[in-house]
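Have a look at the structure below before the remarks.
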2 protein chains.
Amino acid sequence: MSTRKTERANALADALARRGVLHLRDAAALLGVSEMTVRRDVGTMPDRFAYLGGHIVSADDIAGGYELGREADSHANAKFRACAHALKLIAPDDTVFIDCGSTLDHLAQQIPADLIITVICYSLNVAQRLAEKPHIRMIMLGGIYHPASATFSSGEWLEPLGRFGINKAFISAGGVDVERGASCSHFHEVPIKQKAIASALESYLVVDDSKFGIVKPAYFARLSDFRAIITEAGAKETADA
Amino acid sequence: MSTRKTERANALADALARRGVLHLRDAAALLGVSEMTVRRDVGTMPDRFAYLGGHIVSADDIAGGYELGREADSHANAKFRACAHALKLIAPDDTVFIDCGSTLDHLAQQIPADLIITVICYSLNVAQRLAEKPHIRMIMLGGIYHPASATFSSGEWLEPLGRFGINKAFISAGGVDVERGASCSHFHEVPIKQKAIASALESYLVVDDSKFGIVKPAYFARLSDFRAIITEAGAKETADA
DNA sequence: CCTGAAATGTTATTTTTGTAACATTTTTTT
DNA sequence: AAAAAAATGTTACAAAAATAACATTTCAGG
């Protein structure tokens, strides 16, 4: 086997690791050889590359058979329904705060593309969902990225957050306990959640039923701080006030 | 959305989880519909399935953000290669600023997952790419979302941006002209680009050759403000200084 | 039941991709 | 350096796939 071919194979594998797929003609341009040569290369290394109708993908991408990583969100359905209830509270022209977490991902996702509102968020996932809806005005609080929760945090935004005219704040929690209130796993989220709750006209806690009775390390609010707690069963007003 | 379509999508995803790839005609046989319908299904769910010349694969198999519209980015390859050159300038532990635009998307994408650097950005696309690389420290400038360029802007971050210890700034432009300098289409990006250039130790303009001779409405820098201009052909130092 | 809209299927046409044969270049061997 | 071998490029043709236009079916209100 020639050294040239090996070099090309490595360059190809490299590019595939970054881009996922490569069209035959792009691969040829990238490697500086003809399409025919790329085709021949790929054809002789079926264990490294797979060739699908003019496109090259890494062979183990399409290995099939074993499906390890994808652990489905166990309570996805409950979360989805909880958010469907939350969605009913949002009216045109509202300014809403959407907290982070997989639960509120569903809320961002469910917002109709033609509902014109302003949304304030600080989670990358929520932002991605909102970015797909061109009519939504989005304000994102930036800062340092926290991979564990896909959120940003910074001192810069705390003060401005208090000045936005937030109508409704939708907050999630990792744990909800009647005595110990609402809590989450990441301390950096606490000031943001608290500021949002404090400055919003109405705050709602959106969680699925599995969160009740759980206490996480970072406490951030009493249950009575919320107008209602929204679960898959609907909105329950908080007892006291 | 019809329930049939959803059922088919799930069945397809199922089959793909087992087999990795499915040829169009096999998928059609499996689902009991015509090839045309499968094509239409897959085409309308680009986030679940990828369609490569007659073959269907699960979209997250080929993650890495491949743009499916083949003509979506005519200069993708030039941009890709320009960014490959830019990447060589980044050293471990650098603090780099990455501008917005489809060109620098490729840069964010190509950063090796094990290269430990700090990145400052303000584009949603760049942030998404960086979020996939857990070792990268990311700081995102938030603010109001601008759908046209998938960027955020706000006065809050301008001053802090000047205080970050930016080593290298990678800037893109919609137009590059020897006399009229570097320009872009969106005015809100101008203060951010300028601040980044001003506070970075070294700034680089990363563009593909097709941008030369073009002048866009929003001027933001002289060519001599950059240490070099990086294109698919490599880095050219700016003539004057 | 109708009726219209949406979904699906069919067909013909254009475009893209695959293949094979052969020409050319590069490398290796002597 | 010449000859042989390998690798690569080119071309023309065959096959497959993409697309668009139109026909048909299905399904939800009225």
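Of the side-chain N and O atoms in Tyr51(A), none sit less than 4.0 angstrom from OP1 or OP2 of dT17(C). Residue His23(A) has no polar side-chain atom (N or O) positioned under 4.0 Å from OP1 or OP2 of dT16(C). Between Arg39(B) and dT19(D) there is no side-chain polar atom (N or O) within less than 4.0 angstrom of OP1 or OP2.
Glu35(A) meets the salt bridge (charged side-chain N to carboxylate O under 4.0 Å, His left out) test with no other residue; sequence neighbours excluded. Listed by chain and residue number, Asp99(B), Glu189(B) satisfy the salt bridge (charged side-chain N to carboxylate O under 4.0 Å, His left out) test with Lys193(B) (two or more places apart in sequence, or in another chain). Judged as a salt bridge (charged side-chain N to carboxylate O under 4.0 Å, His left out), and not counting sequence neighbours, Asp177(B) has no contacts. Shown here are the salt bridge (charged side-chain N to carboxylate O under 4.0 Å, His left out) partners of Lys216(B), two or more places apart in sequence or in another chain: there are none. Residues satisfying the ring pair (Phe, Tyr, Trp, His ring centres under 6.0 Å) test with Tyr145(A), not counting sequence neighbours, are Phe152(A).
Following rounding to the nearest Å, Met36(A) (CE) and dA23(C) (P) show an atom-to-atom distance of 16 Å. The distance between atom CZ of Arg25(B) and atom C1' of dG9(C), rounded to the nearest whole Å, is 18 Å. To the nearest angstrom, P of dT16(C) lies 14 Å from CG of Leu24(A). The distance between atom CD of Glu35(A) and atom C1' of dA7(D), rounded to the nearest whole Å, is 18 Å. Here the C1' atom of nucleotide dT16(C) and the CG atom of Leu52(A) are 16 Å apart, to the nearest Å. Rounded to whole angstrom, the span from the CZ atom of Arg8(B) across to the C1' atom of dA7(C) amounts to 8 Å. Asp41(B) has its CG atom 10 Å from the C1' atom of dA7(C), to the nearest Å. Distance CZ (Arg40(B)) to P (dT24(D)): 15 Å, rounded to an integer number of Å.
Here the nucleotide nearest the side chain of Ser34(B), chosen from dT19(C), dG9(C), dA18(D), is dG9(C). Taking every side-chain heavy atom of Thr37(A) into account, dG9(D) is the closest of dA18(D), dG9(D), dG9(C). Closest to the Val33(B) side chain, of the nucleotides dG9(D), dG9(C), dT19(D), is dG9(C).
His55(B) comes within 4.0 angstrom of nothing in the nucleic acid, heavy atoms only.
In the helix from dC1(C)-dG30(D) to dT30(C)-dA1(D), the terminal helix axes, each the rotation mapping four pairs' C1' atoms onto the next four within five end pairs, subtend 40°, rounded to 10°.
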| task | With side chain to side chain contact (heavy atoms under 4.5 Å, CB included) as the test, would you mind laying out the steps for Thr151(A) and Leu124(A) before giving the verdict? | result | CA-CA 6 Å; Thr151(A) 57; Leu124(A) 186 56; over 6 Å; no

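Between His23(A) and His55(A), the angle of the ring planes goes over 60°, which puts this pair in the perpendicular group of the 30/60° scheme.
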